[in-house]
Amino acid sequence: KEGALSQHKKWLYELRKEKERAERERKKGEEEKEEKTKRFMEREAKKRAAAWRHAPKNPDDEEENDNKPAWAMTESQSEDCASKELLDFCDNLDFDQFSHDLEL
């Protein structure tokens, strides 16, 4: 038979091993969480960088304002955009093709 002291030592040894295992798991969980956060931050930084590359450098730049919806433009921007679209349409109009399509 084992004595009470030897049983207590065995219990203390098992308790220490359990604490060490729990500490390893906690550290592993923290490392995984830090790695996950790091990957997330890198991915979002890439997205922000891509968005900044495509963002207009000057918000008042007329060419960049063409992509705005009409309600987001000022009245003068809206008129400029409409006139630019009309001029582009006229420049690209093939009158012969238009008249041929009209005859059909």
Side-chain angles (χ1 to χ4, degrees):
K1 279 184 154 180
E2 293 182 7
L5 185 59
S6 61
Q7 287 179 348
H8 185 65
K9 285 182 181 180
K10 184 178 178 182
W11 180 80
L12 287 174
Y13 176 78
E14 291 171 2
L15 179 64
R16 187 184 67 187
K17 290 295 182 185
E18 180 62 26
K19 280 182 69 178
E20 289 172 356
R21 184 193 61 76
E23 182 66 21
R24 280 193 307 270
E25 286 181 7
R26 185 187 63 78
K27 284 184 180 180
K28 183 180 176 186
E30 286 178 359
E31 290 172 357
E32 288 174 353
K33 186 176 179 180
E34 288 174 6
E35 182 63 30
K36 184 178 177 182
T37 302
K38 183 180 174 184
R39 286 192 314 263
F40 173 78
M41 296 297 281
E42 289 172 354
R43 183 177 62 239
E44 294 303 311
K46 288 178 184 177
K47 287 181 183 178
R48 284 191 302 276
W52 277 108
R53 279 194 301 271
H54 298 302
K57 292 180 177 42
N58 181 1
D60 296 327
D61 189 10
E62 290 180 24
E63 292 180 16
E64 296 297 333
N65 287 333
D66 289 345
N67 297 331
K68 283 186 178 179
W71 59 265
M73 294 184 192
T74 63
E75 189 173 335
S76 63
Q77 288 174 331
S78 178
E79 290 172 358
D80 291 345
C81 184
S83 62
K84 184 177 179 184
E85 288 177 0
L86 183 58
L87 289 173
D88 287 343
F89 173 77
C90 292
D91 288 342
N92 296 325
L93 179 63
D94 183 3
F95 189 74
D96 293 331
Q97 181 66 34
F98 177 75
S99 62
H100 176 71
D101 290 343
L102 190 61
E103 292 173 3
L104 293 177

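Taken to the nearest 0.5 Å, the CG atom of L12 stands 13.5 Å off from the NZ atom of K17. Of the inter-residue distances, the one linking L86 atom CG with D91 atom CG reads 9.5 Å to the nearest 0.5 angstrom. To the nearest 0.5 Å, the span separating NZ on K84 from CG on L87 amounts to 10.0 Å.
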Residue pair E20, E23: steps toward the side chain to side chain contact (heavy atoms under 4.5 Å, CB included) verdict: CA-CA 5 Å; E20 289 172 356; E23 182 66 21; 5.6 Å; no
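Between E18 and R21 the shortest side-chain heavy-atom distance falls below 4.5 Å.
For residues 28-37, the pairs satisfying salt bridge (Lys or Arg N to Asp or Glu O under 4.0 Å) are R26-E30, with sequence neighbours left out. For residues 11-43, the pairs satisfying ring-ring contact (aromatic ring centres under 6.0 Å, His included) are H8-W11, with sequence neighbours left out.
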